[in-house]
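Here is how names work: the chains are called A, B, and so on, in the same order as the sequence lines, proteins then strands, and each is numbered from 1.
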Amino acid sequence: MNYWLVKSEPQKYPISRFEEDGSTIWDGVRNYQARNNLQAMRLGDLCLYYHSNEGREIVGLARVVKEAFQDPTTSEDAWVVVELAFEELFPRPFGLAEMKAHPVLSKMELIRQSRLSVVPVRTEEFDLVIRLTHPEEN
DNA sequence: GCCAACGTTGGC
DNA sequence: GCCAACGTTGGC
């Protein structure tokens, strides 16, 4: 199982809407590196859901339910989408500032490659984020 | 609103 | 193939 982080601007597609929709096609990616990450996603992989711009925090979790296929919003065959299903709204969000202040999480690709909309997440990082956003289960 | 980082484009 | 100009993203 691989882990990822996907970004969405909350004014465009907040996690609240994702939750209502149940699932969505992750379209509009027009960056080759992000595209490569989409293509590397496998069925069942989990994606942290990050609100960029406003919020700047990890707010929940999505699951890959369909692997990469042609992006229907463009005729250019270079671009793909995956289908993501809503998995969870975290009991507590995890802010970018907290990540930057953390010895392990400050090394996340999200921070190193701040402009990429789809980035890989290491298992250790994923586990930490889950633990830190679920305080009552510690 | 500004700016840094980075990708893309196009002239040479 | 290099590099300057420009556009986009996103943090601050």
Side-chain angles (χ1 to χ4, degrees):
Chain A
M1 156 111 60
N2 287 310
Y3 302 105
W4 310 91
L5 180 145
V6 294
K7 290 195 213 176
S8 178
E9 296 179 34
Q11 56 269 51
K12 288 187 183 162
Y13 195 73
I15 196 165
S16 55
R17 188 129 55 87
F18 182 37
E19 182 172 15
E20 288 167 19
D21 291 347
S23 70
T24 192
I25 280 168
W26 209 257
D27 61 20
V29 170
R30 296 293 182 270
N31 170 288
Y32 285 103
Q33 237 180 306
R35 189 278 314 264
N36 292 345
N37 289 333
L38 285 180
Q39 285 177 329
M41 286 185 182
R42 291 297 167 257
L43 216 59
D45 281 359
L46 293 172
C47 305
L48 298 172
Y49 198 106
Y50 177 78
H51 277 166
S52 64
N53 261 319
E54 282 172 36
R56 284 167 237 145
E57 55 193 13
I58 297 169
V59 290
L61 198 58
R63 181 181 296 274
V64 177
V65 291
K66 191 172 179 188
E67 294 181 9
F69 58 101
Q70 170 69 35
D71 186 337
T73 65
T74 178
S75 56
E76 294 175 50
D77 61 9
W79 308 117
V80 301
V81 296
V82 294
E83 187 177 348
L84 298 180
F86 174 83
E87 190 75 17
E88 189 196 353
L89 181 68
F90 287 159
R92 153 209 293 185
F94 197 76
L96 181 64
E98 292 178 85
M99 270 176 265
K100 287 188 166 175
H102 191 283
V104 173
L105 299 179
S106 59
K107 307 288 195 308
M108 288 181 79
E109 289 302 303
L110 168 71
I111 294 165
R112 212 176 62 80
Q113 285 257 58
S114 68
R115 292 185 14 187
L116 262 196
S117 56
V118 183
V119 290
V121 173
R122 297 171 191 90
T123 304
E124 179 189 16
E125 295 162 349
F126 182 85
D127 291 344
L128 264 170
V129 169
I130 295 301
R131 193 136 51 81
L132 294 168
T133 51
H134 298 72
E136 78 285 358
E137 293 162 26
N138 287 340

Checking C/dG11, B/dA5, B/dT8 against the side chain of A/R115 (C-beta onward), the nearest is B/dA5

Whole-Å distance, A/Q33 CD to C/dT8 P, equals 19 Å

Could you tell me whether A/Y32 and A/W79 have their ring centroids closer than 6.0 angstrom? yes

Using OP1 and OP2 only, check whether a side-chain N or O of A/Q113 sits under 4.0 Å from B/dA5. no

Would you say A/K7 places a side-chain N or O within less than 4.0 Å of OP1 or OP2 belonging to C/dT8? no

How many whole angstroms separate atom CG of A/L96 from atom P of C/dG10? 12 Å

Round to a whole Å and report the spacing from CD of A/E109 to P of C/dT9. 20 Å

Could you state the NE2-P distance from A/H51 to C/dG11, rounded to the nearest angstrom? 12 Å

Hydrophobic clustering (ILVMFWY, side-chain heavy atoms < 4.5 Å, transitive) - are A/Y50 and A/V121 grouped together? yes

Spacing of A/K100 atom NZ relative to C/dC12 atom C1', expressed in whole Å: 8 Å

Test A/F94 against every option in A/L105, A/V59, A/L128, A/L48 by the side chain to side chain contact (heavy atoms under 4.5 Å, CB included) rule and name the one that passes. A/L105

Closest listed nucleotide, where the reference is the side chain of A/S117 and the choices are C/dG10, B/dT8, C/dC12: C/dG10

Between A/E54 (CD) and C/dC12 (P), how many Å, whole number? 15 Å

Is it true that A/W26 and A/F69 have ring centroids separated by less than 6.0 Å? no

Rounded off to whole Å, could you give me the CG-to-C1' distance for the A/N31 and B/dG7 pair? 7 Å

With respect to the phosphate group of C/dT9, does any side-chain polar atom (N or O) of A/Y50 fall under 4.0 Å of OP1 or OP2? no

Whole-Å distance, A/L116 CG to C/dG10 C1', equals 12 Å

